[in-house]
There are 2 protein chains.
Amino acid sequence: MPNRDPRAKGTAHDRLLQAASSLFYDNGIGGTGIDAIVERAGVAKKSLYNNFSSKSDLVHQYLEARHAEWLDLYERRMAPAGTPQQRILAVIDAYRDHAEHAYERGFRGCGLLNAAAELDAGDAGRKAVRKHKEQVEDLLAGHLNELLPHSPDRARRLAAQISFLLEGAMARAGLEGDSMRLLDARDMVDDMLQAL
Amino acid sequence: MPNRDPRAKGTAHDRLLQAASSLFYDNGIGGTGIDAIVERAGVAKKSLYNNFSSKSDLVHQYLEARHAEWLDLYERRMAPAGTPQQRILAVIDAYRDHAEHAYERGFRGCGLLNAAAELDAGDAGRKAVRKHKEQVEDLLAGHLNELLPHSPDRARRLAAQISFLLEGAMARAGLEGDSMRLLDARDMVDDMLQAL
DNA sequence: GATAATAGCCAGACCGGTATACCTACTTTT
DNA sequence: AAAAGTAGGTATACCGGTCTGGCTATTATC
């Protein structure tokens, strides 16, 4: 690890991915140039192409990293929660926290969904985002199965409904720049869980 | 109306807007260049800048046109429907029809939301999209008020819930490229309306 | 000395936008 | 009715800037 700026932390790969994440979220994928990424990362352009085969490769690794990051966040938030209901609400709270934390620097909704909107119909990145959303739905379905052990079908439908609700609330919250809509969604899901 | 290609229909303005709509939806805003638009429209580049002050102006007119188009579609679909329940389901069916119609050429979800995802946090276009979504929600709230004349608050919350559900289902359907998720959403809303 | 990072330049394409010049149809003035 | 003007179209060339990606020469660390 030679010539790196000693003030900087982490490997060039990590710092590039982190810089790209931030810029992709704020300005979009197409709106973010390679030069801006390497400048933010404090790294030579050559280092980018040493670590990533192309911008498209960087985008895909960005999507995968976000995916892993979110799933990890869900797990950590749900672990301390006692009841299945609490674990489901914890997923929504994760979104809310993210929205509130991102508020000052410009909250723009779900980074994965925004990225997918820029990719064309057949792109592998779209499939990655789709997989992420399906995994979240499966996760919800798992907890709902605990609540409805004798109605796996109903649990599955309810998981779909909650994940749609969450997705829509996140999109609307992104348009409005704050987390109010996610709070609404939390209340809705809370009511739905109470009514079980 | 002078030198226009006789094979072509409509004014340069209309044809540019139509070409831009198609390309913006398929390839995104950033992914669509001015040259591609004028070529698709079969029009001189100068004509674009005679009719629109800039690409950004074209984008805004695109958003407004889509907004008007959707609202008009809702009205026309809801008019023949007898009950408030049917009118609400008609909105979902409008989305479904659109998804199915767009299937062959690559369905990518809601064009307005996709466009918003490319615009940065403060852009006026984002506000336009937000306004559109709120108007749809208001429209749903109006019909729900007919069903729940003594619970305006509950009608309002239900309208929010349905609009979130619809938004989320549309996003997921866009990721998957078909209208299955919208069919699921229709069933969910149908159940919700039955339970009133 | 080998390795791996650095800064910086360059190629080729594409971007949004402008400039020039010509053409045609309608409209106004004579 | 004829002539002149105008509005809006056409086609093409061009501008400065930015894009991705690669290249070279240099420098710092092992």
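Reminder, nothing fancy here: chain letters follow the sequence lines and each chain counts from 1. In this text, all values refer to a predicted model and were calculated from it rather than measured experimentally.
Taking atom CG on A:Asn27 and atom C1' on D:dC19, their separation rounds to 15 Å, with Å as the unit. For A:Leu58 and D:dC19, the CG to P distance is 14 Å, given to the nearest whole Å. Between B:His13 atom NE2 and D:dT10 atom C1' there is a gap of 19 Å when expressed in whole angstrom units. Per the geometry, CD1 belonging to B:Ile29 stands 15 Å off P belonging to C:dC15, to the nearest Å. Atom P of nucleotide D:dT20 and atom NZ of A:Lys55 are separated by 4 Å, given to the nearest angstrom. Between the P atom of C:dG16 and the CD atom of B:Glu39 lies a distance of 14 Å, rounded to the nearest Å. For the pair A:Ile34 CD1 and C:dA13 P, the interatomic distance rounds to 19 Å; values are reported in whole Å. One interatomic measurement links the two molecules: CG of B:Asp35 to C1' of C:dA13, which rounds to 12 Å at whole-angstrom precision.
As judged by a 4.0 angstrom heavy-atom cut-off over every strand, B:Ser56 is placed among residues making no nucleic acid contact.
One N or O on the side chain of B:Arg126 and one on the backbone of A:Gly174 form a donor-acceptor pair closer than 3.5 Å.
In the displayed structure, A:Glu39 atom CD is contacted under 6.0 Å by at most 12 heavy atoms of other residues, nucleotides or ligands. Taking a 6.0 Å sphere around CD of A:Gln18, one finds it holds 12 or fewer heavy atoms contributed by other residues, nucleotides or ligands. More than 12 heavy atoms of other residues, nucleotides or ligands lie within 6.0 Å of CD in A:Gln61, so this atom counts as buried by the packing criterion.
Near DNA chain D, meaning a heavy atom under 4.0 Å away, the residues from residues 44-54 of chain B are B:Ala44, B:Lys46, B:Ser47, B:Asn51.
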Below 3.5 Å, can you tabulate the donor-acceptor pairs from side chains in residues 96-104 of chain A to any protein atom, sequence neighbours excluded?
{"unit_1": "A:Arg96", "atom_1": "NH1", "unit_2": "A:Asp93", "atom_2": "OD1", "d": "2.7"}
{"unit_1": "A:Asp97", "atom_1": "OD2", "unit_2": "A:Arg77", "atom_2": "NH2", "d": "2.1"}
{"unit_1": "A:Glu100", "atom_1": "OE2", "unit_2": "A:Ser179", "atom_2": "OG", "d": "3.1"}

Could you list the donor-acceptor pairs under 3.5 angstrom formed between side-chain atoms of residues 110-120 of chain A and any protein atom two or more places apart in sequence or on another chain?
{"unit_1": "A:Asn114", "atom_1": "ND2", "unit_2": "A:Arg108", "atom_2": "O", "d": "2.6"}
{"unit_1": "A:Glu118", "atom_1": "OE1", "unit_2": "A:Gly30", "atom_2": "N", "d": "2.9"}
{"unit_1": "A:Glu118", "atom_1": "OE2", "unit_2": "A:Ile29", "atom_2": "N", "d": "2.8"}

